[in-house]
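Note that the numbering runs from 1 along the sequence shown for the chain. As the structure is a computational prediction, the values presented were derived from the model and not from experiment.
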Amino acid sequence: QVQLVESGGGLVQAGGSLRLSCSASGRTFSNYAMGWFRQAPGKEREFVATISGTGRLSSYADFVKGRFTISRDNVKNTVYLQMSSLKPEDTAVYYCAVGATVLPVTGLRNYDYWGQGTQVTVSS
C-alpha cells in the first residue's frame, strides 16, 4: 500500500521561505514521477511542480517559476518543494502525489496516490 506523508508546512511572512517534504512508501520510488499540487479555500486543486523518477526532469506552473524548486532523494524516498519569495496568494493546502509513470506530468488525473496535505499560510 502506497503511503505519502507531507510535512514542513506552517505560517510564514510574505517574502519568506519554507521547505515541504513528502515521504513515500509502498512503491519503488524511483520508478515514478512525483508532483506537488495545492488547493486554496474555494478553489480547485492545481498543479504546482513535478519531477521525473530519476530527478533529471522537472516542470513548474508559471506562477511558481523562479520561486519554487522541486527535488527528490530516491535513497530516502522523499520529494521536496523548496518555496521562496512566498506571497499571500501561495496560501493553500499543499499535496504531494505519485505519478502513474516515470515521466513528469501536470494533470491531476495522471497521479494515482495522494498525501493528506500540509497547510501553508503566508501572511502579508
Side-chain angles (χ1 to χ4, degrees):
Q1 183 178 358
V2 175
Q3 289 190 325
L4 301 172
V5 179
E6 299 102 334
S7 61
L11 174 64
V12 64
Q13 289 188 333
S17 299
L18 282 175
R19 188 176 82 155
L20 306 183
S21 300
C22 173
S23 178
S25 62
R27 265 191 176 180
T28 303
F29 187 63
S30 59
N31 287 351
Y32 299 93
M34 297 291 294
W36 285 98
F37 294 78
R38 70 185 188 184
Q39 188 166 16
K43 296 188 177 180
E44 294 186 349
R45 192 169 299 188
E46 62 182 356
F47 165 74
V48 174
T50 180
I51 189 167
S52 64
T54 63
R56 295 193 185 100
L57 300 174
S58 60
S59 180
Y60 297 89
D62 286 344
F63 53 78
V64 303
K65 282 181 180 177
R67 300 190 298 124
F68 292 9
T69 302
I70 189 171
S71 61
R72 65 190 296 161
D73 184 334
N74 285 344
V75 174
K76 296 182 179 179
N77 286 358
T78 301
V79 63
Y80 305 96
L81 186 68
Q82 178 66 49
M83 306 186 294
S84 303
S85 302
L86 283 161
K87 305 175 182 180
E89 51 264 44
D90 293 318
T91 295
V93 177
Y94 283 72
Y95 299 88
C96 70
V98 181
T101 70
V102 68
L103 295 176
V105 288
T106 61
L108 274 72
R109 65 185 183 279
N110 296 308
Y111 289 82
D112 295 331
Y113 298 95
W114 296 79
Q116 82 289 350
T118 185
Q119 176 71 47
V120 172
T121 303
V122 184
S123 63
S124 58

Linking I/L/V/M/F/W/Y whenever any side-chain heavy atoms sit under 4.5 Å apart, do [X] and [Y] land together?
X   : Y   : value
V98 : F47 : no
L18 : V93 : no
I51 : Y94 : yes
Y32 : L57 : no

Euclidean distance, [Y] [atom2] relative to [X] [atom1], rounded to 0.5 Å:
X   : Y    : atom1 : atom2 : answer
T78 : L20  : OG1   : CG    : 12.5 Å
K87 : S124 : NZ    : OG    : 14.0 Å
D73 : Y80  : CG    : OH    : 5.0 Å

Is it true that a side-chain atom of [X] and a backbone atom of [Y] form a donor plus acceptor pair closer than 3.5 Å?
X    : Y    : value
R72  : F29  : yes
R27  : V2   : no
N74  : G53  : yes
T121 : T91  : no
Q39  : A92  : no
T50  : M34  : yes
Y111 : V105 : yes
E6   : C96  : yes

Practice item. Evaluate the side-chain contact (heavy atoms from CB on, under 4.5 Å) criterion for residues V102 and N31: first the C-alpha distance (whole Å), next the side-chain angles of each, then the deciding distance (0.1 Å), finally the verdict. Key: CA-CA 5 Å; V102 68; N31 287 351; 5.7 Å; no
Would you mind reporting whether [Y] and [X] have side-chain heavy atoms less than 4.5 Å apart?
X    : Y   : result
V79  : W36 : yes
L86  : F68 : yes
V120 : D90 : no
M83  : V48 : no

For a quick test of reading the model, state the closest non-hydrogen atom pair linking [X] to [Y] and the distance between them.
X   : Y    : result
S52 : R56  : OG-N, 3.3 Å
A97 : L4   : CA-CD1, 3.8 Å
L11 : S123 : CD1-CB, 4.3 Å

Exercise for review: Compute the centroid of each ring, for W114 and then for F37, and state whether the two points are separated by less than 6.0 Å.
Suggested key: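 Distance test on ring centres: under 6.0 Å, yes.
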Exercise for review: Inspect the contact between D62 and K65 and indicate whether a charged nitrogen and a carboxylate oxygen are less than 4.0 angstrom apart.
Suggested key: yes
